[in-house]
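Here the structure is a predicted model, which means the values were calculated and not measured. Proteins come first, then strands; the chains are lettered A, B, ... in the order of their sequence lines, and each starts at number 1. Atom set for the values below is all heavy atoms of this structure, side chains included, hydrogens, waters and symmetry mates excluded.
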2 protein chains.
Amino acid sequence: MADVNVTVLKAPPAQASNPGEPIWDIIELLFFAYRDFVGDPDEVLGKLGFGRAHHRVLHFVNRNPGMKVADLLDILKITKQSLGRVLKQLVDEGYVVQKEGAVDRRQRLLYVTSKGEALALKLATLQTERIARAFGSLGPNAHEAAYRFLAAMIDDENRDGVLRQISRASRPPKARS
Amino acid sequence: MADVNVTVLKAPPAQASNPGEPIWDIIELLFFAYRDFVGDPDEVLGKLGFGRAHHRVLHFVNRNPGMKVADLLDILKITKQSLGRVLKQLVDEGYVVQKEGAVDRRQRLLYVTSKGEALALKLATLQTERIARAFGSLGPNAHEAAYRFLAAMIDDENRDGVLRQISRASRPPKARS
DNA sequence: ACATTTACGTCAGCCATGTTGACATATTTT
DNA sequence: AAAATATGTCAACATGGCTGACGTAAATGT
């Protein structure tokens, strides 16, 4: 029996949002919540000589095996030079491999190794524990509420693409010869 | 009549959370939502030669007029050297002023100028528009749901302090001679 | 009264990770 | 054959974290 917190907090918003006035509470909560959220993996990453940039690359490669470098650049919205630096380290240390594309041999399709998958899972588990703890302290529809709120916060132009990518990721192992 | 989006999206979570498995959708949505959220102010800041570090300092000084430097360091969790760099620029360019503490004259209490307040408000308004748009596309209790989710995501040790700080911020103008 | 602690500032240098710009190489497309 | 595409690389620079050392003024403790 895990130590699950099932207390349903009755926390009211700090303010009634007057029209036109900044929504200070959500602005600040996003800052604090995100900082704690991304802070969890830092200790593990630090021991390996990696940073958050490595985490992001490893995460998305793990979730989208066989993705192109260009796709990764699109998701991360950084330059290929910035990506190249951290990607090279991940490849050199055996967390990621690049395979020549079968159909288009210019492509270097990205895959995690088992070592990389293990690390990605370890980091995701840390973050999942925080999320699960939060959901446990809220009502039964907490997951759906969080999903809808976060999805609605994404740029209109990106939202559909992101949601599609999230739902299809890690479904078919994208069988490759 | 503003162009308010009142469509209530019926977006289901991408996955039923199997126990012990990473909650991939929320992990990724946090990444994308936060990136778009903090991206809004960047253009404005860039024109002024400022970055996100300046934004954070300006934001919290605006919200907590008269705060001590030590308090700001606690909130931001950075070193005084890192803070000093951006704070000095904000002071030099007339966005923030430091006043000697009346009771403890070692303290340099921080206040935004009217120029600083105007910028803080401009940036907060950009982010508020995104949040309001999101809430508009969700149900009537979206604000409370988001508040509770984000609060639950904060470290247990910090949560009460953060919530207290959020609720009392900008209430009393902290009258000062 | 004097010693210590506290609040803050500063100098110097390092690191991680973002940027632009230019150029190279292999491969596919036209 | 020429042009476009996918990727890599070199060089230089900016931002914003960090550590360590040191300084100064004011408050606090004995």
Whole-Å distance, A:I78 CD1 to C:dT20 C1', equals 15 Å

Side chain of [X] - closest among [options]:
X      : options               : result
B:A53  : D:dT5, C:dT10, D:dG16 : D:dG16
A:K80  : D:dA26, D:dT7, D:dG17 : D:dT7
B:R108 : D:dT7, C:dT6, C:dC8   : C:dC8

Quick one: is [N] close enough that its OP1 or OP2 comes under 4.0 Å of any side-chain N or O from [X]?
X      : N      : result
A:Q81  : C:dG21 : no
A:H54  : C:dA16 : no
A:R105 : C:dT27 : yes
B:R85  : C:dA12 : no
A:T79  : C:dG18 : no
B:S82  : D:dG16 : no

Aromatic ring pairing A:H59/A:H55, orientation class (parallel under 30°, perpendicular over 60°, tilted between):
perpendicular

Parallel under 30°, tilted from 30 to 60°, perpendicular over 60°: which one fits the rings of A:F149 and B:F135?
tilted

Quiz item: A:R106 side-chain donor-acceptor pair to D:dT7 base, under 3.5 Å
no

For a quick check of understanding: with a heavy-atom distance under 4.0 Å over all strands, which category does A:G84 fall into, base, sugar-phosphate or nothing?
nothing

Suppose we call two aromatic rings close when their centres sit under 6.0 Å apart. Are B:F60 and A:F31 close by that rule?
yes

Specify the angle, to 10°, made by the local axes at the two ends of the helix from C:dA1-D:dT30 to C:dT30-D:dA1 when five pairs are taken at each end.
20°

